[in-house]
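Encoded as structure tokens, the structure appears first; notes follow it.
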2 protein chains.
Amino acid sequence: MAPRATAKSAESTDKVGVICRALRRAIIEQALEPGAKLPEDSLGERFGVSRTIARHALGQLAAEGLVELRRNRIAVVATPSWQEARDAFDIRIELERLVVRQLAGKLTKAQVTALNAHVDAEDAACGGADAVSIRLATEFHILLASMTNSPILVRYVSEVAYRCCLTLSLYSRPHSSECGVTEHRAIIAALVKGDEAKVMGLMHSHLDSVATRALVAPAPQRGRDLLDILAPYAEEDSGERVVKLAKAVRAR
Amino acid sequence: MAPRATAKSAESTDKVGVICRALRRAIIEQALEPGAKLPEDSLGERFGVSRTIARHALGQLAAEGLVELRRNRIAVVATPSWQEARDAFDIRIELERLVVRQLAGKLTKAQVTALNAHVDAEDAACGGADAVSIRLATEFHILLASMTNSPILVRYVSEVAYRCCLTLSLYSRPHSSECGVTEHRAIIAALVKGDEAKVMGLMHSHLDSVATRALVAPAPQRGRDLLDILAPYAEEDSGERVVKLAKAVRAR
DNA sequence: GGGCATCAAAGTGCATGCAATTGAGGCGTT
DNA sequence: AACGCCTCAATTGCATGCACTTTGATGCCC
């Protein structure tokens with residue numbers, strides 16, 4: 001309805017945007033696992049651009065929290081801690097409640113059919129690859145957000161949804177992703193009906209259940225995660241020792 | 001309490017970070033008004049770095065919504081629409097409610113004194129420069145967020161607070177910034193008392209009042225804003241004409 | 001006098017080159 | 001065999017250079 005403004009904010013320079021989108025997708029489909037290395041050269045070569053551009057793209061993704069940039073080191077796909085994962089979900093819940101609050105009873109027919117079509121796609125993908133159904137489920141929420149016509153809200157919801165998606169690949173047991181298709185349908189129905197309070201509650205419980213179902217307990221010693229387990233012990237005083245130990249550990 | 005992880009995410013490359021912080025501050029202190037041009041060369045020269053770095057910094061700030069990047073054009077300080085400003089405040093309210101919810105009754109003595117010290121500083125600056133008191137008020141909220149030890153929450157609150165700050169320079173009448181010192185103090189008191197519901201309500205009304213008090217109505221024709229006023233009329237059909245008109249307008 | 005083509009100056013888009021840092025393997029010592 | 005040291009390939013940090021685009025100023029024609 002409102003005039004679609006030309007996407008003017010970040011990522012406009014196209015080539016950078018292409019790389020960002022590709023990596024983002026690869027990450028949420030778990031083709032790139034947390035910790036995966038992302039050397040600038042390789043990226044540049046893959047996408048047919050120079051390191052400068054690849055670097056810029058990595059910068060953007062780092063700003064979104066999807067990759068980690070350490071000075072003079074190869075960039076890697078982010079490995080959020082379990083607590084960060086939980087925090088991300090908490091934020092996401094609030095943001096998405098805002099989304100459905102704004103949308104309740106205000107969806108156009110076209111929007112409703114678009115949503116239904118998307119959920120149908122989710123349904124179809126449910127039996128197939130895990131990665132795809134996770135991605136589709138995430139994109140449902142982003143699609144919803146994009147209907148608010150609030151660029152800021154879209155950006156934050158997208159970002160935090162991607163982050164949550166990333167954490168799922170770290171802390172969820174396989175197939176715990178169980179398509180929330182029925183919940184998505186319920187949300188659409190409540191939105192159409194215009195019941196603000198109900199749809200906010202639905203969204204809350206939907207996301208909360210995804211979080212608690214997927215984010216299984218901190219996953220005791222799992223090889224790489226030893227570092228994280230050690231982290232809390234790395235307090236000021238005996239910091240040196242632990243750092244050294246951690247280094248030894250990391251060297252496998 | 002939790003071990004402070006080394007800031008590993010974006011903006012790590014230092015030189016870029018320095019520029020980002022400087023520009024961010026200049027923007028929220030209104031030394032750089034919305035629409036101000038930010039040529040890469042000038043920035044590079046000013047900060048003693050090459051265009052490459054300046055460019056990278058602009059990219060980061062664009063990702064935060066503080067500057068606008070248009071292809072082949074000079075970057076400018078962002079000029080959010082009135083609606084975007086309102087949206088930003090709505091998001092901010094939810095995020096900051098989350099902050100105080102997590103913090104209620106859990107502040108350490110040191111944190112309380114830090115908060116009080118900050119509010120004292122706000123108080124002191126209240127009579128002085130408008131820009132400084134706006135900045136301090138914003139930083140109070142960021143300080144609060146940083147006490148959650150949730151890096152993600154800190155990032156989002158900071159970002160959206162900066163954006164709100166930016167919008168204030170666009171849509172608020174001078175001095176409407178009226179230091180919310182007393183409200184800040186009330187929030188601290190409620191946090192210490194640990195009354196979760198109350199402090200969430202306080203934060204809500206505090207931000208909401210700032211928003212409605214500061215964001216005066218869309219400010220009918222104010223020169224530059226003509227473009228925005230025209231925007232809704234730029235629907236599909238007669239698009240060409242309006243674009244042309246808009247261009248003529250922009251040329252002053 | 002006003003509109004319009006033309007052109008130089010300014011600025012961005014991007015690749016490349018060089019210096020600096022890292023970390024991994026090899027070698028000697030204990 | 002374990003530990004430390006050294007060296008070198010891999011990789012990042014950053015500046016510079018060149019091509020292309022935008023801007024706006026000049027002069028021409030009506």
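Letters A, B, ... are given to chains in the order of the sequence lines, protein chains preceding strands, and every chain is numbered from 1.
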Checklist entry - Within the side chain of A:Glu96, is there an N or O that forms a donor-acceptor pair under 3.5 Å with the backbone of A:Ile93? => result no
Checklist entry - A:Glu40 CD to C:dT21 P: how many Å, rounded? => result 16 Å
Checklist entry - B:His56 NE2 to C:dT12 P: how many Å, rounded? => result 17 Å
Item to check | Selection from D:dG13, C:dT16, D:dG24 that lies nearest to any side-chain heavy atom of A:Arg55 | outcome: D:dG13
Checklist entry - Side chain of B:Glu29, backbone of B:Ala26: donor and acceptor closer than 3.5 Å? => result no
Checklist outcome for this item: Residues passing the ring pair (Phe, Tyr, Trp, His ring centres under 6.0 Å) test with A:Phe140, sequence neighbours excluded, are A:His184
Next on the checklist: Please report the end-to-end axis angle for the helix from C:dG1-D:dC30 to C:dT30-D:dA1, five pairs per end, rounded to 10 degrees.
Outcome noted: 10°
Next on the checklist: Distance check needed: D:dG13 P versus A:Asp41 CG, whole Å only.
Outcome noted: 11 Å
Checklist outcome for this item: With the side chain defined as heavy atoms from C-beta on, A:Asn72 is closest, among C:dT21, D:dT21, C:dG11, to C:dT21
Item to check | Rounded interatomic separation in angstrom, taking CZ from A:Phe47 and P from C:dG13 | outcome: 20 Å
Checklist entry - Given atom CD1 of B:Ile53 and atom P of D:dT16, what is their separation to the nearest angstrom? => result 11 Å
Next on the checklist: In this structure, how many angstroms lie between the C1' atom of D:dC14 and the CZ atom of A:Arg71, rounded?
Outcome noted: 10 Å
Next on the checklist: If the test is side-chain hydrogen bond (donor to acceptor under 3.5 Å, both in side chains), which one of A:His56, A:Glu45, A:Glu40 qualifies with A:Arg51?
Outcome noted: A:Glu40
Checklist outcome for this item: Checking C:dA15, D:dT12, C:dT12 against the side chain of B:Ile74 (C-beta onward), the nearest is C:dT12
Checklist outcome for this item: On DNA chain C, more 5' by nearest nucleotide between B:Ser42 and A:Ser50 is B:Ser42
Item to check | Exam field: side chain A:Gln60 to backbone B:Ala63, donor-acceptor pair closer than 3.5 Å | outcome: no
Next on the checklist: Can a donor-acceptor pair be found, under 3.5 Å and without considering hydrogens, that links the side chain of A:His118 to the backbone of A:Leu144?
Outcome noted: no
Item to check | Interatomic distance, B:Lys37 NZ vs D:dT23 P [rounded to whole Å] | outcome: 9 Å
Checklist entry - Ignoring hydrogens and angles, are the base of D:dG17 and the side chain of B:Arg51 linked by a donor-acceptor pair under 3.5 Å? => result yes
Checklist entry - Which pairs count as salt bridge (charged side-chain N to carboxylate O under 4.0 Å, His left out) when at least one residue sits in residues 161-170 of chain B, sequence neighbours excluded? => result none
Checklist entry - Whole Å only: how far is the CD1 atom of A:Ile19 from the P atom of C:dC14? => result 10 Å
Item to check | B:Arg73 side-chain N/O to D:dT23 phosphate OP1/OP2 under 4.0 Å | outcome: yes
